[in-house]
Amino acid sequence: MAASVLIVHADTMSAEQLKTVIEHLALDAYLASDLESASQSIRLLRPDLLLLDGKLALKDPSFCRKLRLCCPEKRLPILLLLPPNPGDICRYLCGTDVDDYLCQPYSTEEFQARLMLRLPATRKKVPQPLPHVDFAFLGNLSNLAISDLTSTEILQRIVHSISEVIDVDRCSVTMVREEENSAYVMASSDDLGVNGLRIELARYPEIQETIATGRPLLIDDIFRHPLMESVRPYLEHLAFNSILVLPMIDRQRTTGVLVLRTARSISGFTEEEINFCQLVANVAASALQLAEIRTAENRIREKGYLDNEPEEQRQNVSGRSSLLNMAVHDLRVLVSVIDGYCLLLTETESDNLSVEQNEIIDGLMAGNRRLVDMANDLLDFSQLNAGHFELNLAERDICQIMGSVFEDLLPLMQRRQIRFQADCLNREVPVLCDEHGIRRVFYNIVSNALKFTPAGGLIRLELLQREGETRITVEDTGPGIEPEKIPTLFDAYETSSCIGPRSGNGLGLSICKKIVEAHQGRIWAESGLGQGSRFTFCLPQR
């Protein structure tokens, strides 16, 4: 990466001539004509040296100090250019705090030599090539996620690994607490003292935006981006100019964010860096999920769960639960990494792959997503059975929850030419519920309908409010279910033998039943062979 020089000169012609001479040295050169434009350029470009017009420095003795404040993380070398016959040189240098000066006339060779003399110590390090094709790198991170280290230690090593690969000023992981409108810093690459720090999301619009969209967010210039307008007063003395925020998503919910901050001559992150960091964020999300499981298990132990059971049974239940959690978590980490690599191939190499190769990758991704769903079901079932599932009840718009699930599944519906009829989604129906849990219920039911509805079929959503409860029904035009199977349909590991391929692990509907009943609600199915299926669940309105 070439060193960069900012030329602060009131005379445009002189500045252009200096720029040409500097670029002949294979250096990057930028222009500014006054204090305001120079300050903005320093914050945005983070130059390695300032070339300052002596006349500007003479007009304002604090000119240099004000420029240095724009880049507080390092002392910028300043080379002062004095006019011919400056007279009393001390009059120019007094109070300007410059590192060196040149008086005109001077030769090009003398100028270049003096310039290079001030640059070597400030050259930026060249970032290492990204290991985006090295499975061993993410494999090592995966091993961290399934180790006996604490979640904080795991995340701390993850952010440290990123900072060794990518040239960043800070890499951090933040756990989100949406219900509190706050978040907690779990790990930081440059300051262990901030670990555990509670931050108000209102001060971090970039994190709020990523939580809301569930998509990566790149802000090339924090000093100009409109999203940062509300927090502009807090940005003046920051040592970075670009931010990359990546969501850490667990079962369609953003549980945390991976945040990278950097100061670069050319602002922003490359597409390669963004893709790589998203893969790492997937691993970090699994580490956070494991942290939640361990916390829940500790809570159960503190409450004395199963204390009334015989010692041997308590050990068996605890052992099975721990073994299941560990095995499923290992699976989640591995499939997340594989899924990330497949996605990276489709986004960066699709033009170089044949039709058959793209089809293979699509099939691999589809199978991988089924593995992720299976792992999620096993984790949910394990936590529900062990009493880990705690409702976060709040008044939510259930139509908005169902609408977000519909958006997630829409590409699959379109690909299979399945129509979806849902007139109720444009309404606003508040329900006291756990948003994550009810989203899981609706997602499972609609996903089941999609599995068994043939191409060109119809899935219909109906919402009714009656007798103090909100009733949601999902009806499909699939092959239907044998009547004798319906009474046990919501039992664990039960699957219907309806016409069509057997898929799933028999846990999805059992999980739905446990979540709905935890809300003091009801769930049931109605079907018959050749008649399609209707799944209905009801939630109390209060």
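Nothing here was measured: the structure is a model prediction, and the numbers come from that model.
In this structure, the side chain of S189 engages the main chain of C171 through a donor-acceptor pair within 3.5 Å. Not one N or O on the side chain of S172 forms a donor-acceptor pair closer than 3.5 Å with the backbone of S188. Side chain of R232 to main chain of F223: a donor-acceptor pair is present (N/O by atom type, distance under 3.5 Å, no hydrogens or angles). With hydrogens and angles disregarded, no donor-acceptor distance shorter than 3.5 Å links the side chain of R198 to the backbone of S182. No side-chain donor-acceptor contact under 3.5 Å links E209 to the backbone of R215. The backbone N or O of V429 sits less than 3.5 Å from a side-chain atom of D397, completing a donor-acceptor pair. A donor-acceptor contact shorter than 3.5 Å links the side chain of R114 to the backbone of Y101.
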What's the verdict on side chain to side chain contact (heavy atoms under 4.5 Å, CB included) for V259 and R261, showing C-alpha distance, side-chain angles and the deciding distance? CA-CA 7 Å; V259 184; R261 301 173 173 88; 3.5 Å; yes
List the steps, then state whether side chain to side chain contact (heavy atoms under 4.5 Å, CB included) holds for M116 with L27. CA-CA 10 Å; M116 296 302 293; L27 303 175; 3.9 Å; yes
List the steps and the verdict of side chain to side chain contact (heavy atoms under 4.5 Å, CB included) for L260 and I162. CA-CA 9 Å; L260 290 87; I162 294 176; 3.7 Å; yes
Derivation and outcome, side chain to side chain contact (heavy atoms under 4.5 Å, CB included), residues L35 and V8: CA-CA 8 Å; L35 179 61; V8 187; over 6 Å; no
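Residues D34 and S37 bring a donor and an acceptor atom of their side chains to less than 3.5 Å of each other.
Using a 4.5 Å heavy-atom cutoff, the side chains of I199 and T174 are in contact. Counting only heavy atoms from C-beta outward, the side chains of T254 and M248 never approach each other to under 4.5 Å. In this structure, the side chains of D53 and L80 stay at 4.5 Å or more apart for every pair of heavy atoms. Counting heavy atoms from C-beta outward, L51 and L81 have side chains that approach closer than 4.5 Å. Counting heavy atoms from C-beta outward, L52 and F63 have side chains that approach closer than 4.5 Å. Side-chain contact between I401 and V431 is absent, with no heavy atoms from C-beta onward closer than 4.5 Å. Side-chain atoms of T210 and P216, non-hydrogen and from C-beta on, never get closer than 4.5 Å to each other. Side-chain atoms of L409 and V446, non-hydrogen and from C-beta on, do get closer than 4.5 Å to each other.
Once rounded to the nearest 0.5 Å, the distance linking CG of D28 with OG of S4 reads 6.0 Å. Taking CE of M186 as the reference point, atom CG of L155 lies at 5.5 Å (rounded to 0.5 Å). A distance of 11.0 Å separates CZ of R170 from CD1 of I243, quoted to the nearest 0.5 Å. Within the model, atoms CD1 of I158 and OG of S163 stand 12.0 Å from one another, a figure rounded to the nearest 0.5 Å. For the atom pair M402 CE and R427 CZ, the distance stands at 8.5 Å (nearest 0.5 Å). Distance check: S242 OG to I219 CD1 gives 9.0 Å after rounding to the nearest 0.5 Å.
Looking at every heavy atom in both residues, H9 comes nearest to S14 through CE1-CB, 3.8 Å. Closest approach of T262 and V168 over heavy atoms only: OG1-CA, 4.0 Å. In plain terms, the two heavy atoms of A187 and V159 that are nearest each other are CB-CG2, 4.1 Å. Looking at every heavy atom in both residues, C399 comes nearest to C424 through SG-O, 3.3 Å. Of all the heavy atoms in L31 and S41, the pair that sits closest is O-OG, 4.3 Å. Between L227 and E206, the shortest heavy-atom distance links the atoms CD2-CA, 4.0 Å.
Heavy atoms of other residues, nucleotides or ligands lying less than 6.0 angstrom from CD of Q400 number 12 at most. Surrounding CZ of R203 are at most 12 heavy atoms belonging to other residues, nucleotides or ligands under 6.0 Å away.
Every residue was checked against the ring pair (Phe, Tyr, Trp, His ring centres under 6.0 Å) condition with F442, not counting sequence neighbours, and none meets it. With sequence neighbours excluded, the residues forming a ring pair (Phe, Tyr, Trp, His ring centres under 6.0 Å) with F111 are Y106, listed by chain and number. Residues passing the side chain to side chain donor-acceptor pair (under 3.5 Å) test with Q156, sequence neighbours excluded: N195.
Checked options L115, I78, I22; the residue passing with L49 is L115 (criterion: side-chain contact (heavy atoms from CB on, under 4.5 Å)). Checked options E16, Q17, E23; the residue passing with K19 is E23 (criterion: side chain to side chain donor-acceptor pair (under 3.5 Å)).
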